[in-house]
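In what follows, chains are A, B, ... by sequence order, proteins preceding strands, each numbered from 1.
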Protein chains: 2
Amino acid sequence: MATIKFSKTKKVSKGDLLLSVGDTTLYAYKVESGCLRSYVIDNAGKEHILQFAPEDWIIGDMGSYTNGDPSTIFIDALEESEVSFISAADFRDFHSLEKELLVEMSIKLRNNVIAANKRIISLLSATAEERYISFTQTYPTLVQRLPLKLIASYIGITPEYLSDLRRKMAKK
Amino acid sequence: MATIKFSKTKKVSKGDLLLSVGDTTLYAYKVESGCLRSYVIDNAGKEHILQFAPEDWIIGDMGSYTNGDPSTIFIDALEESEVSFISAADFRDFHSLEKELLVEMSIKLRNNVIAANKRIISLLSATAEERYISFTQTYPTLVQRLPLKLIASYIGITPEYLSDLRRKMAKK
DNA sequence: GCCATTTCTTAAGCTATCTTAATTTTTCTT
DNA sequence: AAGAAAAATTAAGATAGCTTAAGAAATGGC
């Protein structure tokens, strides 16, 4: 099967910032090993995690790639990682992609839509505890690998409250 | 420009249910006029609106179309509407689509990803008042057309609280 | 192996948002 | 236009989840 053509890989260290809000040189990243995340910082200075990207995931700011605007998100490395690059143009001009690549891209986009919708439903209708349980079931390996405060940020609660929840859940 | 091939249109009345949870006969809908919505019902019996689909939007349960599972959402008409149908197969087997159609589909999927991510960030980081203001700016026509309680459901708050917010905002 | 840094825990008080319920207003039906 | 149904408002009391702050535990660098 044809596959999206990526640059050769590059090693990045834990904490390295690969994309900042305002950046105009835009790439998406495919994670070969390790784990990246994308996040935003709100008016109150708080971080909110949009996506974790462990091995084999693609991460980037689709909105910016599409319309050419500066990035609205940050991307950094949560672990030592190896990544390859995909140019923004591949998201902007679907016509220029070969059909095979376009099919592959469509599948990734479709999966992204499905995952995003699930998360929206979860944020709209589930309690913090339910969202945490659901996270542990959906991403069991990430629960092991990532610090609690990042998981709290992803499910939309404070680390203190997640710590509380864990204790209450353990008591049952 | 080529366009995804839809069936001829059909009129539906306000309140008509086009898709139910558990349905296995699956179509997505393109709205020619009027407005549809998709929603889920949680354990406590409460509705949560996933999407509004006014003129020219496509609405459906991508997850089910993809893997052939029964629908996980409801879709109904919020107004007298005219819709055309698109078969689930078109989401499932991208290979069989002509390239032009695939490009069009990819663009719709990409826009869907962008919109979904915006909504996730909003749910994670904005207060109810901020989400309401943002909704009125993003969908000014829907604010006119739809009852308050549906907007409340979409932004993830109760109608009573949205009513409160409106009053407080008016006082300023 | 030690010190610094980061992460996690705990707890008390606080606030945004919800629940319930009753009333009013608007919209729909005939 | 009247009556019924749906939507919106208001208000009081409840609660999930937040804030702050301080201490404990774990991790990482040298």
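- With sequence neighbours excluded, no residue forms a ring-ring contact (aromatic ring centres under 6.0 Å, His included) with Phe94(B).
- Applying the side-chain hydrogen bond (donor to acceptor under 3.5 Å, both in side chains) criterion to Asp164(B), with sequence neighbours excluded, gives Arg167(B).
- In this structure Ser81(B) satisfies the side-chain hydrogen bond (donor to acceptor under 3.5 Å, both in side chains) test with no other residue, sequence neighbours excluded.
- Listed by chain and residue number, Phe135(A) satisfy the ring-ring contact (aromatic ring centres under 6.0 Å, His included) test with Tyr139(A) (two or more places apart in sequence, or in another chain).
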Seminar exercise, completed: Nucleotide by nucleotide, nucleotides 25-30 of chain D touches protein heavy atoms under 4.0 Å in the pattern (B base, S sugar-phosphate only, - none) ---S--

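- Following rounding to the nearest Å, Glu47(B) (CD) and dA7(D) (C1') show an atom-to-atom distance of 14 Å.
- For Phe74(A), the ring-ring contact (aromatic ring centres under 6.0 Å, His included) criterion is met by Tyr39(A), not counting sequence neighbours.
- A side chain to side chain donor-acceptor pair (under 3.5 Å) check over residues 40-49 of chain B, counting only residues at least two apart or in different chains, returns the pairs Arg37(B)-Glu47(B), Asp42(B)-His48(B).
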Exercise. Where along nucleotides 11-21 of chain C does protein come under 4.0 Å, by heavy atom, of base (B) or sugar-phosphate alone (S), with - for untouched nucleotides?
Worked result: S----SBSBBB

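- One interatomic measurement links the two molecules: CZ of Arg166(B) to P of dA7(D), which rounds to 14 Å at whole-angstrom precision.
- For the contact set between residues 132-151 of chain B and DNA chain D, defined by any heavy atom under 4.0 Å, the members are Pro147(B), Leu148(B), Lys149(B).
- With sequence neighbours excluded, no residue forms a side-chain hydrogen bond (donor to acceptor under 3.5 Å, both in side chains) with Ser38(A).
- Using a 4.5 Å heavy-atom threshold, the side chains of Val12(B) and Tyr29(B) count as separate.
- The ring-ring contact (aromatic ring centres under 6.0 Å, His included) contacts involving residues 53-73 of chain B comprise Tyr65(B)-Phe91(B), where partners must be two or more places apart or lie in separate chains.
- Counting only residues at least two apart or in different chains, salt bridge (Lys or Arg N to Asp or Glu O under 4.0 Å) contacts with residues 147-157 of chain A are absent.
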